[in-house]
Amino acid sequence: MTTTPPFKRLTREEMAARVANDIPDGSYVNLGIGIPTLISKCLPKDRDVILHSENGILGMGPGPADGTVDPSLLNASKEPVSLLPGASICDHSMSFAMMRGGHIDVSVLGAFQVAGNGDLANWDTGAPDAIPAVGGAMDLVAGARQVIVVMEHTTKDGQPKIVEQCTYPLTGAGVVDRIYTDCAVIDVTPRGLVVRSMIEGMTFETLQAMTGAALTL
């Protein structure tokens, strides 16, 4: 007999909305593939956030509302997007110079694993059927002022994705500032992982049991 846990995990859209609500007004932000891409649809209407895409867009908007797709206007995830007033297009060299030069305020990425010290692994699991794909992630985590990870708290088979030490190849060492999952918001601090909030019905003891690194409140 199975029992229903006393909490309901956030959906991917709810996680994206949670991150979007915390992005400061006036920020230049790069959104990675997967859940981060959904953030562009959730940003508060009264907030001026400039989205950067590493393939060379500054001032990116969401997908065309009228369904009219311009196949030459795609984000780094190869999804159709729009341009907001004042947007600009540049080549890869200029786009990566923005990332490496410290001109991006916030980088939001997905992850396979995040370690308790902020190490990030998000480009290769080493599995036989995996296709390694780092893209511009290494440049982003090295250059962005703040690095946010948004991901499910555990793998599909229930293994922790927040771990004591990453077992997958690193994207960056000690680069993650905050983790949003479908169960909690956790900061990476000099004194370790600090839980800032948990979903309704979640207890600290249950969250710790789902996590492979020590947490504190």
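Being a predicted model, the structure only gives us computed values, none of them experimental.
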Passing candidate, side chain to side chain contact (heavy atoms under 4.5 Å, CB included) with Val108, options Thr37, Ile35, Ile39: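 That would be Ile39; it is the only one of Thr37, Ile35, Ile39 passing the side chain to side chain contact (heavy atoms under 4.5 Å, CB included) with Val108.
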Working to the nearest 0.5 angstrom, can you tell me the gap between [X] [atom1] and [Y] [atom2]?
X	Y	atom1	atom2	answer
Leu31	Ile23	CG	CD1	6.5 Å
Leu51	Ile57	CG	CD1	10.0 Å
Leu38	Glu14	CG	CD	12.0 Å
Asp187	Asp177	CG	CG	8.0 Å
Leu120	Leu109	CG	CG	6.5 Å
Glu13	Cys42	CD	SG	7.5 Å

Would you check if [X] and [Y] make a side-chain contact, meaning some heavy-atom pair closer than 4.5 Å?
X	Y	answer
Val185	Arg178	yes
Ile186	His153	yes
Met198	Cys183	no
Ile50	Leu58	yes
Met151	Asn122	no
Arg9	Thr154	yes
Thr206	Met210	yes
Asp70	Pro80	no

Measure from the side-chain N and O atoms of [X] to the backbone N and O of [Y], and report whether any donor-acceptor pair falls under 3.5 Å.
X	Y	result
Thr155	Gln159	yes
Asn117	Asp119	yes
Ser107	Val141	no
Lys41	Pro62	no
Gln165	Gly116	no
Ser53	Gly56	no
Trp123	Leu170	yes

Least distance between heavy atoms, [X] atom then [Y] atom:
X	Y	result
Ile104	Tyr28	CG2-O, 3.6 Å
Pro36	Val150	CG-CG1, 3.7 Å
Leu10	Thr181	CD1-O, 4.1 Å
Leu215	Phe204	O-CZ, 3.3 Å
Pro160	Gly212	CB-N, 3.4 Å
Ser27	Pro24	OG-O, 2.8 Å

If two hydrophobic side chains count as joined below 4.5 Å and joins carry through other members, does [X] share a cluster with [Y]?
X	Y	value
Ile162	Tyr168	no
Val49	Tyr180	yes
Val163	Leu207	no
Val29	Met138	no
Val19	Leu43	yes

Glu79 atom CD: more than 12 heavy-atom contacts under 6.0 Å: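 Yes, enclosed.
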CD1 (Ile33) with more than 12 external heavy atoms under 6.0 Å: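 No, not enclosed.
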Salt bridge flag under 4.0 Å for residues Asp25 and Arg47: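 Salt bridge between Asp25 and Arg47, a charged N being under 4.0 Å from a carboxylate O: no.
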Stepwise side-chain contact (heavy atoms from CB on, under 4.5 Å) check, Ile179 with Val188: CA-CA 8 Å; Ile179 309 164; Val188 181; 4.2 Å; yes
Verdict with reasoning, Glu54 to Met98, per side-chain contact (heavy atoms from CB on, under 4.5 Å): CA-CA 9 Å; Glu54 65 204 53; Met98 293 181 202; over 6 Å; no
